[in-house]
Q: 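Here it is, the structure in full.
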Amino acid sequence: TGVQTCALPICGTRMQGTIPPQLGLLPNLRELYLEENELTCTIATELGMLFNLENLLLDNNEFEGTIPSEFGLLTNLKRLKMHDNNLHGTFPSEIFNCVQLIDLYVYNNHLTGTIPRNIHHLQEAINRKCTLCYCRVIIRLIHLILSNWELEYFCIHTFFTNTSFL
């Protein structure tokens with residue numbers, strides 16, 4: 001039998017370089033902590049193959065490029081932290097296919113576009129009484145930190161008025 005890696009914590013080590021795409025070949029990986037390093041690459045799309053991943057922390061690095069839409073395949077994902085990087089482009093709506101998602105932190109990047117319309121399907125998160133943080137103002141739903149995001153208004157007021165907060 002092979003070794004089963006469930007967690008890979010490499011945080012705060014000032015590690016430099018890129019994320020090896022081979023990390024996507026660890027099918028049992030549930031936790032990947034690469035925060036607070038000096039990684040300067042694009043985020044490997046192969047991380048979207050880690051179907052058992054529950055926690056993915058990539059914050060406080062120098063990641064560039066866009067957020068991989070492949071992250072939408074991580075349906076067991078509960079925490080995704082990508083704040084304080086150099087990410088740009090539009091936010092991939094596929095990430096909201098992650099119906100277990102509780103914490104999503106993307107602030108202090110260079111993201112543009114609209115808040116994805118399919119965010120409303122996270123009714124289970126609403127029922128779990130999680131929290132939404134939009135520009136650091138707390139609303140009950142899910143932790144979603146979007147400050148410093150150049151957003152277009154897509155009628156977020158309608159979304160919130162059609163959602164019953166507990």
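Since the structure is predicted, the reported quantities are computational estimates derived from the model, not experimental observations. Counting from 1, the numbers follow the sequence of the chain as shown.
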Q: I need the minimum non-hydrogen distance between L32 and L53, along with the two atoms involved.
A: N-CD1, 3.9 Å

Q: So do the side chains of N86 and F63 get within less than 4.5 Å of each other, counting heavy atoms only?
A: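 Sidechains of F63 and N86: no contact.
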
Q: Grouping I, L, V, M, F, W and Y whenever their side-chain heavy atoms are under 4.5 Å apart, do F71 and L57 come out in a common cluster?
A: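 Per the 4.5 Å side-chain linkage, F71 and L57 are not co-clustered.
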
Q: Under the rule for side chain to side chain contact (heavy atoms under 4.5 Å, CB included), what residues qualify as partners of T18, not counting sequence neighbours?
A: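 T18: side chain to side chain contact (heavy atoms under 4.5 Å, CB included) contacts with C41.
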
Q: Check M15 against L34 and note the closest heavy-atom contact, atom names and distance.
A: CE-CD2, 3.9 Å

Q: Is there a path from L74 to L25 through hydrophobic residues (I, L, V, M, F, W, Y) whose side chains come within less than 4.5 Å of each other?
A: no

Q: Does anything in residues 38-48 form a side chain to side chain donor-acceptor pair (under 3.5 Å)? List the pairs, not counting sequence neighbours.
A: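 Listed once each, the pairs are Q16-E38.
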
Q: Which heavy-atom pair separates N52 from N76 by the least distance, and what is that distance?
A: CA-ND2, 3.9 Å

Q: Tell me, which pairs form a salt bridge (Lys or Arg N to Asp or Glu O under 4.0 Å) where one or both residues lie in residues 6-18, sequence neighbours left out?
A: none

Q: For a quick test of reading the model, state the closest non-hydrogen atom pair linking L39 to N61 and the distance between them.
A: N-OD1, 3.1 Å

Q: What's in the same ILVMFWY side-chain cluster as L73, cut-off under 4.5 Å, chained through other members?
A: M49, F51

Q: Applying salt bridge (Lys or Arg N to Asp or Glu O under 4.0 Å), which residue pairs with at least one partner in residues 57-78 are found, sequence neighbours left out?
A: none

Q: Of all residues at least two apart in sequence or in a different chain, which pass the side-chain hydrogen bond (donor to acceptor under 3.5 Å, both in side chains) check with S69?
A: none

Q: For E54, enumerate each residue passing the salt bridge (charged side-chain N to carboxylate O under 4.0 Å, His left out) test, keeping only those at least two apart in sequence or located in another chain.
A: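 Residues passing salt bridge (charged side-chain N to carboxylate O under 4.0 Å, His left out) with E54: R30.
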
Q: For E31, which residues count as a side-chain hydrogen bond (donor to acceptor under 3.5 Å, both in side chains) partner, sequence neighbours excluded?
A: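 Per chain and number, E31 pairs via side-chain hydrogen bond (donor to acceptor under 3.5 Å, both in side chains) with Y33.
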
Q: So, for L26 and L50, which heavy atoms are closest and what is the spacing to 0.1 Å?
A: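 Scanning both residues, the minimum pair turns out to be O-CD2, 3.2 Å.
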
Q: Which residues pass the side-chain hydrogen bond (donor to acceptor under 3.5 Å, both in side chains) test with N37, sequence neighbours left out?
A: T13

